[in-house]
Every structure is written in C-alpha cells, then in structure tokens.
Amino acid sequence: MIQPNQINLSQYKNQFSLTHQIKRWLWAVCWFILARPFPRSIGNKWRILLLKIFGAKIKWTCGIYSSTRIWAPWNLEMDDYSTLGPEVDCYNVNKVIIGKQVVISQKAYLCTASHNYKSKTFELISAPIIIKDQVWIGTAAFIHMGVVLNEGCIVAATSTVTKDVDPWTIVGGNPAKFIKKRDLYE
C-alpha cells in the first residue's frame with residue numbers, strides 16, 4: 001500500500017510519443033553507424049550534415065567530436081566556431097542554444113531535464129540551457145536545466161552550475177560560485 005507521502009512510480013507515464021521515440025532511435029543508429037567511426041579531422045562536416053538532416057540549427061564552422069552524445073539534434077542550435085568536445089553529453093530534451101566562439105570541453109554534461117521531486121509520480125520536467133557567445137565550459141562540468149551562461153563566462157572543470165552565470169566572470173565548485181572577473185588582454 002502506498003502511503004500519502006510516498007513516490008508511486010507505477011503511475012509514471014512517458015511523455016514522449018511513439019513517433020518521437022522512433023525518431024530518437026533512428027537518430028541514435030545513424031550517429032553510431034555514420035558519425036562515430038570518423039575522427040574529427042575527417043568527419044566533422046559529415047557530422048554537421050547529419051545533425052542538420054535531423055533538424056539541428058548548426059553552422060558549418062562548428063566542431064563536433066565523434067564521441068559527443070546528442071540526445072535530440074532537433075533541439076540543438078550552435079553558432080559560428082563553437083565546439084562540442086570529446087565525450088560531451090548533450091541531454092537536450094529541451095533546447096540547448098549555443099552562441100558564437102563557445103568551447104565545451106571534454107566530458108561536460110548539458111542536462112535540460114530532471115524529475116519533479118515534489119510529485120508522487122516523479123514526472124519529467126525540462127527547461128532550456130542558453131550558452132551565450134565566448135563561453136568556456138571546463139572538463140566534466142555539469143550544466144543544469146534552465147541555466148543561462150552569459151557572454152564570456154568560464155565554468156571551471158568539474159563544476160556544477162545550477163544558476164545563471166554573470167557575463168565575463170569565472171565560476172567553479174559544487175555548487176559553482178563566483179571566483180573572479182574574467183579580464184582579457186592583448
């Protein structure tokens with residue numbers, strides 16, 4: 001018997017249609033067979049073409065490593081000279097919008113979805129991630145749903161970002177906190 005204050009996962013319903021699930025399966029198979037075998041230096045334009053075919057709004061100048069995982073390319077937007085590094089996990093149930101000249105380093109995790117921990121059915125919730133121009137996300141950083149990384153900010157390696165980051169600042173830690181302003185010099 002379920003108590004009033006217990007989670008009841010037997011009532012959980014997948015919010016994604018069968019069409020959506022088939023589309024995701026086709027995407028996963030295509031990426032695995034047609035994109036992953038090629039190193040970045042050879043297959044980058046080919047990977048961008050595959051992403052475009054599946055609905056990504058991505059510029060030809062972007063860099064996408066073959067080990068990158070993109071959950072739903074139709075929810076990805078990338079502007080000029082931005083890069084998704086090796087083993088980046090882009091769990092984009094919702095939109096991930098990446099500006100110009102952005103570097104997302106290896107093993108970073110962009111997570112646009114979670115579960116409603118206040119609900120007895122623990123349903124899926126999501127919100128977009130917006131990464132503005134000239135941002136650098138360090139190795140193995142976690143970016144939570146609904147976060148805006150403003151222009152020029154840096155997220156230090158292994159940081160957990162759950163709140164918006166101010167422009168031209170450096171944040172780090174778990175949870176990420178302000179470290180210092182980012183100053184550029186000639």
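With hydrogens and angles ignored, the 3.5 Å screen pairs no side-chain donor or acceptor of Arg182 with any backbone N or O of Ile170. Side-chain atoms of Thr160 do not come within 3.5 Å of backbone N or O of Asn174 as any donor-acceptor pair. With hydrogens and angles ignored, the 3.5 Å screen pairs a side-chain donor or acceptor of Asn44 with a backbone N or O of Cys62. Judged by distance alone, with hydrogens and angles left aside, the side-chain atoms of Ser66 form no donor-acceptor pair with the main-chain N or O of Pro37 at under 3.5 Å. A distance-only check finds no donor-acceptor pair linking the side chain of Asn92 to the backbone of Asn94 [under 3.5 Å]. Judged by distance alone, the side chain of Lys57 and the main-chain N or O of Leu76 form no donor-acceptor pair under 3.5 Å. Side-chain N or O atoms of Ser119 include one that pairs as donor or acceptor with a backbone N or O of Thr121 at under 3.5 Å. A donor-acceptor pair under 3.5 Å is formed between the side chain of Thr112 and the backbone N or O of Tyr91. The backbone N or O of Val148 lies less than 3.5 Å from a partner atom in the side chain of Asp164, making a donor-acceptor pair. The main-chain N or O of Ile70 is never found under 3.5 Å from a side-chain atom of Trp31 such that the two would form a donor-acceptor pair.
Within the 4.5 Å cutoff, the side chain of Ile64 has heavy atoms near those of the Ile48 side chain. Side-chain contact between Ser159 and Phe142 is absent, with no heavy atoms from C-beta onward closer than 4.5 Å. Residues Trp168 and Asp183 have side chains not in contact (no heavy-atom distance under 4.5 Å, counting atoms from C-beta outward). Annotation: side chain of Thr169 is not in contact with side chain of Lys180 (no heavy-atom distance under 4.5 Å). Between Ile53 and Leu51 there is no side-chain heavy-atom pair separated by less than 4.5 Å.
Heavy-atom neighbours of Trp60 CH2 from other residues, nucleotides or ligands within 6.0 Å: above the threshold of 12. Within 6.0 Å of atom NZ in Lys181, more than 12 heavy atoms from other residues, nucleotides or ligands are found, so the atom counts as buried in its surroundings. Residue Tyr109 qualifies as enclosed at atom OH: its count of foreign heavy atoms under 6.0 Å is above 12.
The salt bridge (Lys or Arg N to Asp or Glu O under 4.0 Å) analysis of residues 73-91, with sequence neighbours excluded, yields the pairs Arg69-Asp89, Glu77-Lys95.
Residues satisfying the side chain to side chain contact (heavy atoms under 4.5 Å, CB included) test with His20, not counting sequence neighbours, are Phe16, Ser17, Arg24, Trp71, Trp74.
In this structure, a donor-acceptor pair under 3.5 Å is absent between the side chains of Asp133 and Gln101.
Nearest heavy-atom pair, Asp166 versus Cys153, reported as atom, atom and distance to 0.1 Å: O-CB, 3.5 Å.
By the criterion of side-chain heavy atoms lying less than 4.5 angstrom apart, applied directly or through intervening Ile, Leu, Val, Met, Phe, Trp or Tyr residues, Ile154 is not grouped with Leu149; the two fall into different hydrophobic clusters.
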